[in-house]
Student: 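Here it is, the structure in full.
For ligands, and for the atoms within them, numbers begin at 1 and follow the listed sequence. Keep in mind the model is a prediction, meaning the values are calculated, not measured.
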Amino acid sequence: VIAQVRQPTRVGVLGASGATGRVAATELAKLPEIELLLGGRDRARLRSATDGRLRRRETRLVDVDDDASLQRFCAECEVVVNCAGPSAAIRDRVARVAVAAGSHYVDPGGDEEVVAELTESWREPAEAGLACVFSAGWIPGLSGILARYVDGLAREQMDEVGAVELYCGDSNVWSDTGFEDALSLFSRYPGPLHYEGGRPVHRRLGRAGTLRRVALPAPVGTRVAVSWFLSELRALARASDGAVRSYVVPLGSPATAAAMGLGVALVERAPRAAARLLRKATALDARRHEALGFLAASAQPADVASPERLTVVVVERRHYWITGLVCALAVETLLGGRLSTPTGCHYLCDAVDPVEFMGELAARGVHMHATGVSEADRSGGERVLALA
Ligand SMILES: NC(=O)c1ccc[n+]([C@@H]2O[C@H](COP(=O)([O-])OP(=O)(O)OC[C@H]3O[C@@H](n4cnc5c(N)ncnc54)[C@H](OP(=O)(O)O)[C@@H]3O)[C@@H](O)[C@H]2O)c1
């Protein structure tokens with residue numbers, strides 16, 4: 001049972017002057033009965049970020065590295081939304097202080113290694129009747145929800161689901177904080193992995209299936225995909241009889257790929273310099289081609305000879321908007337008592353109803369479309385499907 005909340009509910013957005021924090025705060029301000037506390041290290045940056053336009057909001061000076069100010073901030077909030085970063089540096093610091101102060105916690109990111117550990121073994125939030133939700137953003141976040149959504153649709157429509165695959169790519173110019181987190185994650189990646197029949201299968205890069213050419217729906221087209229297991233898919237993969245695989249699809253130029261390689265080598269010693277290098281290369285790409293973010297999840301039946309396929313694609317060109325929107329919707333779901341696992345520490349995709357969440361996003365203007373081939377229309381090829 002979710003801890004009793006007072007009215008109006010005080011929601012604190014930490015890092016509210018940042019790119020994700022601004023969108024999350026703007027979306028949260030649309031909710032009735034919410035009072036926003038905008039937290040950051042610089043009052044002028046906080047004011048200019050939100051331009052004084054948000055209803056019922058106050059600012060608070062808070063530095064994540066200063067225990068006293070962080071504790072004061074968390075103690076004032078029913079929910080702490082941590083949009084400060086980088087996650088690789090903050091680790092579980094804010095989550096632990098928030099839970100100790102009796103607040104729910106929502107994070108659009110979270111260091112993957114730390115989150116994997118917390119979701120497996122951190123019991124305090126459940127014992128305190130609190131929800132602690134990580135990976136409540138775009139990738140990870142909506143990526144995991146889409147995979148669960150397609151898995152659910154396929155189970156209704158196919159005799160037996162053989163595999164669920166997720167593809168994701170994004171060529172947007174993220175903040176130094178965002179690129180630092182991405183590079184830090186890449187630098188620690190233990191190598192390609194997927195799940196088969198609920199068990200992990202490790203492969204070396206270049207071995208069968210770890211690099212593949214895929215034809216994805218427009219505007220993505222035919223691309224090379226690199227096997228990359230998103231940790232948020234682990235619970236889905238463990239519970240599945242079939243295979244669960246995920247891939248990243250690099251969308252940048254060869255120069256950006258080189259900057260990425262150099263960034264990965266540099267990130268541990270000089271994280272900001274590594275992030276700037278990658279940001280500059282990505283910004284050059286964005287001048288030549290319109291940036292794009294996409295997710296595509298696909299299911300196929302266990303009978304490999306069957307032509308049946310189900311694919312749902314989300315294409316986003318509004319960049320940070322989708323990350324902040326998913327984060328704000330996670331808070332709204334929590335406060336509405338609609339988390340499917342209302343307490344404890346979870347990835348967002350394991351804590352919400354995917355059909356309901358995708359429906360809410362569609363109602364807010366997120367574009368998604370589904371295509372499929374069923375046994376019945378074998379000769380007719382792909383057709384557009386109605387989404388649940
Ligand atoms: N899942 C996804 O798809 C996704 C996408 C993008 C980002 N993210 C994650 O979201 C988080 C924010 O990224 P972003 O791109 O929005 O970063 P950003 O624009 O650089 O914003 C970072 C914010 O953190 C604040 N901050 C930094 N150090 C702080 C400290 N010691 N105490 C208090 N505040 C501090 C900064 O505020 P001041 O400097 O003004 O104090 C700033 O407002 C990161 O963890 C990132 O990995 C996730």
Side-chain angles (χ1 to χ4, degrees), residues 12-26 37-50 59-74 80-95 97-98 105-115 133-146 168-186 230-232 248 267 271-272 275-276 278-279 282 293-295 314 316 318-330 347-349:
V13 180
L14 195 51
S17 61
T20 307
R22 287 174 202 210
V23 183
T26 307
L37 282 191
L38 307 178
R41 290 175 296 186
D42 185 297
R43 214 181 281 281
R45 275 206 296 274
L46 281 173
R47 283 214 196 90
S48 69
T50 56
T59 54
R60 293 284 185 274
L61 285 182
V62 42
D63 186 336
V64 169
D65 298 323
D66 173 60
D67 284 346
S69 76
L70 183 58
Q71 278 158 6
R72 265 198 311 277
F73 181 79
C74 293
V80 172
V81 185
N82 180 23
C83 299
S87 300
I90 290 180
R91 299 178 66 83
D92 56 356
R93 189 170 165 68
V94 181
V97 174
Y105 178 84
V106 175
D107 193 326
D111 182 76
E112 194 164 298
E113 224 169 75
V114 173
V115 179
V133 180
F134 284 95
S135 297
W138 164 232
I139 306 165
L142 185 51
S143 42
I145 295 172
L146 185 69
C168 49
D170 198 300
S171 57
N172 281 294
V173 187
W174 298 90
S175 67
D176 285 344
T177 308
F179 277 134
E180 194 178 314
D181 273 338
L183 288 171
S184 164
L185 178 66
F186 296 157
L230 290 170
S231 295
E232 61 175 341
V248 282
V267 69
R272 266 299 123 123
R276 279 196 197 122
L278 181 55
R279 180 166 52 74
T282 310
F294 82 93
L295 299 169
V314 179
E316 255 309 319
R318 285 165 289 182
H319 196 193
Y320 266 105
W321 178 74
I322 187 75
T323 307
L325 178 68
V326 171
C327 181
L329 192 51
Y347 290 97
L348 177 67
C349 66

Student: Is it the side chain (CB and beyond), the backbone, both or neither of P140 that lies under 4.0 Å from ligand 1, heavy atoms counted?
Tutor: both
Student: Please report the C-alpha distance between E180 and L185 in whole Å, then the side-chain angles of each, then the deciding distance to 0.1 Å, and finally whether the side-chain contact (heavy atoms from CB on, under 4.5 Å) criterion is met.
Tutor: CA-CA 9 Å; E180 194 178 314; L185 178 66; over 6 Å; no
Student: Out of all atoms in ligand 1, which are within 4.0 Å of some heavy atom of D65? Include the element for each.
Tutor: 31 (N)
Student: Check whether any side-chain heavy atom of Y347 sits under 4.5 Å from a side-chain heavy atom of L230, and report yes or no.
Tutor: no
Student: Quick one: look up the protein heavy atom nearest atom 31 (N) of ligand 1 and list residue, atom name and how far away it is.
Tutor: D63 OD1, 3.0 Å
Student: Heavy atoms only, cut-off 4.0 Å: how does V62 contact ligand 1, side chain, backbone, both, or neither?
Tutor: backbone
Student: Identify each donor-acceptor pair in which a side-chain atom of residues 138-146 lies under 3.5 Å from a protein atom, sequence neighbours left out, and give them as a table.
Tutor:
{"unit_1": "W138", "atom_1": "NE1", "unit_2": "D170", "atom_2": "OD2", "d": "2.8"}
{"unit_1": "S143", "atom_1": "OG", "unit_2": "W138", "atom_2": "O", "d": "3.4"}
{"unit_1": "S143", "atom_1": "OG", "unit_2": "G141", "atom_2": "N", "d": "3.3"}
{"unit_1": "S143", "atom_1": "OG", "unit_2": "E232", "atom_2": "OE2", "d": "2.5"}

Student: Evaluate side-chain contact (heavy atoms from CB on, under 4.5 Å) for L61 paired with R43, printing each intermediate quantity in order.
Tutor: CA-CA 7 Å; L61 285 182; R43 214 181 281 281; 3.8 Å; yes
Student: Looking only at non-hydrogen atoms, which of P108, G141, A275, G15 approaches atom 1 (N) of ligand 1 most closely?
Tutor: P108
Student: Which one holds for I139 and ligand 1: side chain close, backbone close, both close, or neither close, with close meaning a heavy atom under 4.0 Å?
Tutor: backbone
Student: Please enumerate all residues that pass side chain to side chain contact (heavy atoms under 4.5 Å, CB included) together with R279, with sequence neighbours excluded.
Tutor: V173, D176, F179, R276
Student: May I ask which of G85, C83, G40 has a heavy atom nearer to atom 12 (C) of ligand 1 than the others do?
Tutor: C83
Student: Would A19 count as being in polar contact with ligand 1, using the rule that some N or O on each side must be under 3.5 angstrom apart?
Tutor: yes
Student: Say whether G137, considering both its backbone and side-chain N or O atoms, lies within less than 3.5 Å of an N or O atom on ligand 1.
Tutor: no
Student: Provide, to 0.1 Å, the distance between atom 38 (P) of ligand 1 and the closest protein heavy atom, together with that atom's residue and name.
Tutor: R45 NH2, 3.3 Å
Student: Can you say whether the rings of Y105 and F134 are parallel (under 30°), tilted (30 to 60°) or perpendicular (over 60°)?
Tutor: tilted
Student: Which ligand 1 atoms does D181 reach within 4.0 Å, using its non-hydrogen atoms?
Tutor: 44 (C), 45 (O), 46 (C), 47 (O)
Student: What residue among T20, V133, L348 forms side chain to side chain contact (heavy atoms under 4.5 Å, CB included) with P108?
Tutor: T20
Student: For G110, is there any backbone N or O sitting under 3.5 Å from a side-chain donor or acceptor partner on S87?
Tutor: yes
Student: Is any side-chain heavy atom of L46 less than 4.5 Å from a side-chain heavy atom of R22?
Tutor: no
Student: Please report which non-hydrogen protein atom sits nearest to atom 6 (C) of ligand 1, along with the residue it belongs to and the distance in Å to one decimal place.
Tutor: W174 CZ3, 3.5 Å
Student: Under 4.0 Å from ligand 1, counting heavy atoms only, is it the side chain of R41, its backbone, both or neither?
Tutor: both
Student: For atom 20 (O) of ligand 1, find the nearest protein heavy atom and state the residue, atom name and distance (0.1 Å precision).
Tutor: T177 OG1, 2.6 Å
Student: Could you tell me whether some N/O pair between W138 and ligand 1 is separated by less than 3.5 angstrom?
Tutor: yes
Student: Start with the C-alpha distance between V94 and V64, add both sets of side-chain angles, then the distance that settles side-chain contact (heavy atoms from CB on, under 4.5 Å), and finish with yes or no.
Tutor: CA-CA 7 Å; V94 181; V64 169; 3.8 Å; yes
Student: Identify which of V23, T20, L185 has a heavy atom lying nearest to atom 16 (O) of ligand 1.
Tutor: T20
Student: Identify the closest protein heavy atom to atom 15 (O) of ligand 1: which residue and atom is it, and at what distance?
Tutor: Y320 OH, 2.4 Å
Student: For atom 4 (C) of ligand 1, what's the nearest protein heavy-atom neighbour? Residue, atom name and distance, please.
Tutor: T323 CG2, 3.5 Å
Student: Measure the shortest side-chain to side-chain distance between C83 and V13 over non-hydrogen atoms and say whether it is less than 4.5 angstrom.
Tutor: yes
Student: Measure the distance from atom 24 (O) of ligand 1 to every protein heavy atom, then report the residue, atom name and distance (to 0.1 Å) of the closest one.
Tutor: A84 CA, 3.2 Å
Student: Could you check atom 21 (O) of ligand 1 against the protein and tell me its nearest heavy-atom contact, residue, atom and distance included?
Tutor: G18 CA, 3.2 Å
Student: Heavy atoms only, cut-off 4.0 Å: how does V64 contact ligand 1, side chain, backbone, both, or neither?
Tutor: both
Student: If you count the atoms of ligand 1 from 1 in the order shown, which ones are under 4.0 Å from a heavy atom of S17?
Tutor: 37 (O), 38 (P), 40 (O), 42 (C), 43 (O)
Student: L70 versus L14: any side-chain heavy-atom pair under 4.5 Å?
Tutor: yes
Student: Can you tell if the side chain of R272 reaches within under 4.5 Å of the side chain of P86, non-hydrogen atoms only?
Tutor: yes
